[in-house]
> 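Dropping a structure here in structure tokens format, bear with me for questions.
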2 protein chains.
Amino acid sequence: MNIDEVGEKLVSGLQERSSGSGPKAAHEVLAVVFQIRQDRLCVLVWRRGRPPCEGLWALPGGRLGAAEGLGESIRRQLAQKVDVRDLSHLEQLETRGDPDRDPFGRTLATAYLGLVPAGIDPVVPVDTEWRPVPELPPMAFDHAAMVGSARRRLRAKLSYTNIGFALAPPEFTMSELSRYYRAALGHDVAATNLRRVLLRRGQIEETGQSVPSGRSGGRPAALFRFRARSLEITDAFAVLRPPSG
Amino acid sequence: MNIDEVGEKLVSGLQERSSGSGPKAAHEVLAVVFQIRQDRLCVLVWRRGRPPCEGLWALPGGRLGAAEGLGESIRRQLAQKVDVRDLSHLEQLETRGDPDRDPFGRTLATAYLGLVPAGIDPVVPVDTEWRPVPELPPMAFDHAAMVGSARRRLRAKLSYTNIGFALAPPEFTMSELSRYYRAALGHDVAATNLRRVLLRRGQIEETGQSVPSGRSGGRPAALFRFRARSLEITDAFAVLRPPSG
DNA sequence: TCTAGTTTTCGTCTGATAGGCAAAAACTCG
DNA sequence: CGAGTTTTTGCCTATCAGACGAAAACTAGA
């Protein structure tokens, strides 16, 4: 490309920009809300009762309000499905805007990742269920892809952040926590290693209390809690970090 | 919240959804394009010649076309500022939608992170410049925040992915590469350690050739290249990884 | 040609971290 | 009090990052 071509394209670009009446599209916000239930990673979905995609399962969410911010909107929409006070974490995930992602008109969608700690059972509407992620039901639109993105994001952040705080209840034993990690990561996590890693990173601490272990006896398990309840990056993972001096 | 309240909220949610005539907002795509020039991390910006934000600097981008995908659109928009064939990497960054982010009407913006390898000098329009990120000029709208997000994303990915391939030219010496990393990370990176780290991770390999070093002699530097030219995650950083067995 | 200077490369050391494994601790139940 | 169960602790190894200095390989000048 030579400079003249660039100049022409620039002019047309400015004209388009200043014309001011570009196309407007509907925008919706959706949430992939995970909770670990019975040692399985589950996602909150609801069954669509009318077209389009009738009978398929969809993520909670809906149209962005006229004067709403994105985060504001997803909290309002989620309140229709769960008590948002149960949400331990919420972050923006991705925006999808394929022209044909919604057969009934151009719709952009911004997806969020939400987490609810294990151990509680929020009231949900009759059309809404927690479904295990490995056996996802037939999903509407591109919602299955969003669940996949959310799962990858969660897996990655379990490695280099303290996001476990949002999966676990306020207090937990190490064997419980290792089961949460196993469900979210999809593979075994030894409780003994997890304990050492998270303690060394300063993510968790002992509460000083303990609870009797399972039905058939065993040493009482110490209770732990996460030191922080908001997202922090483990800087041990910032490789190529600044020189120590 | 009890079950009845949930039910009511659900109904109102369905009505809102099926009403079909939600508010429509303008949507634009923007790109934070970085290139390392003279050992400094620079961002591609252009100076606005008319209101709003006249005289301030803005990220390249513009309105989403009626039948365009988001990635498709940002490539089209960027073509007005640079030769998109120079782009070595492009990924979605975040979507901002504060109701008052654009004083002239509700506009959502999806930002992308783009990278151009060092060593080339793309032709840009007269109103467009590469500006060093540490001395960012006064930016329009929330574009300064987007540059900040992009910089954090780049810094993080330099640690746990091979994204260096998008900053460096096809072949480079280790001292050159360490200067690219220093510019992007903001702190010194020892060439000797960088070499070992990237070789061990399998990200780079020797080309077999070497070039005479600087003006005043010195041992000739070996030339390296990145083995892959698309984003790969360094699994050494997947802590809590599956058991070795 | 030899020497001084410069730059890159290589080898070694240290410290931090992850993961595996087995022994010890602490409890329940019979 | 002993057997069984579960958690906790300690030890070992392997891997990795970072620092440092010595060696290698070149240029320029005497």
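Order of the sequence lines sets the chain letters (A, B, ...), proteins ahead of strands, with each chain counted from 1.
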> Just checking, any donor-acceptor pair under 3.5 angstrom between side chains of A:Glu28 and A:Ser73?
no

> What is the distance, to the nearest angstrom, from the CG atom on B:Leu199 to the C1' atom on D:dT15?
16 Å

> Does a side-chain N or O of A:Arg200 approach OP1 or OP2 of C:dA18 to a distance below 4.0 Å, or not?
yes

> May I ask you to check whether B:Tyr180 and B:Phe172 place their ring centers less than 6.0 Å from one another?
no

> Output the single nucleotide from C:dA25, D:dA24, C:dG11 whose closest atom is nearest the side chain of A:Arg219.
C:dA25

> For B:Gly217 and for B:Arg196, find the nucleotide of DNA chain D with the closest heavy atom, then tell me which residue's nucleotide is more 5'.
B:Arg196

> Given D:dT7, is OP1 or OP2 found less than 4.0 Å from the side-chain N or O atoms of A:Ser175?
yes

> Quick one: do B:Glu206 and B:Arg225 make a salt bridge, cutoff under 4.0 Å?
no

> Within the pair A:Arg195 and D:dT8, is there a side-chain N or O less than 4.0 Å away from OP1 or OP2?
yes

> Would the distance check show the side chain of B:Asn162 and the main-chain N or O of B:Arg229 forming a donor-acceptor pair, the cut-off being under 3.5 Å?
no

> Can you tell me how far P of D:dT7 sits from CD of A:Glu206, to the nearest Å?
14 Å

> Applying a 4.0 Å non-hydrogen cut-off, can you work out what A:Pro220 is touching in the nucleic acid: base, sugar-phosphate, or nothing?
sugar-phosphate

> Base, sugar-phosphate, or nothing: which does A:Ala191 touch, judged by heavy atoms less than 4.0 Å apart?
nothing

> Expressed in angstrom and rounded to an integer, what is the separation of A:Asn193 atom CG from C:dG20 atom P?
6 Å

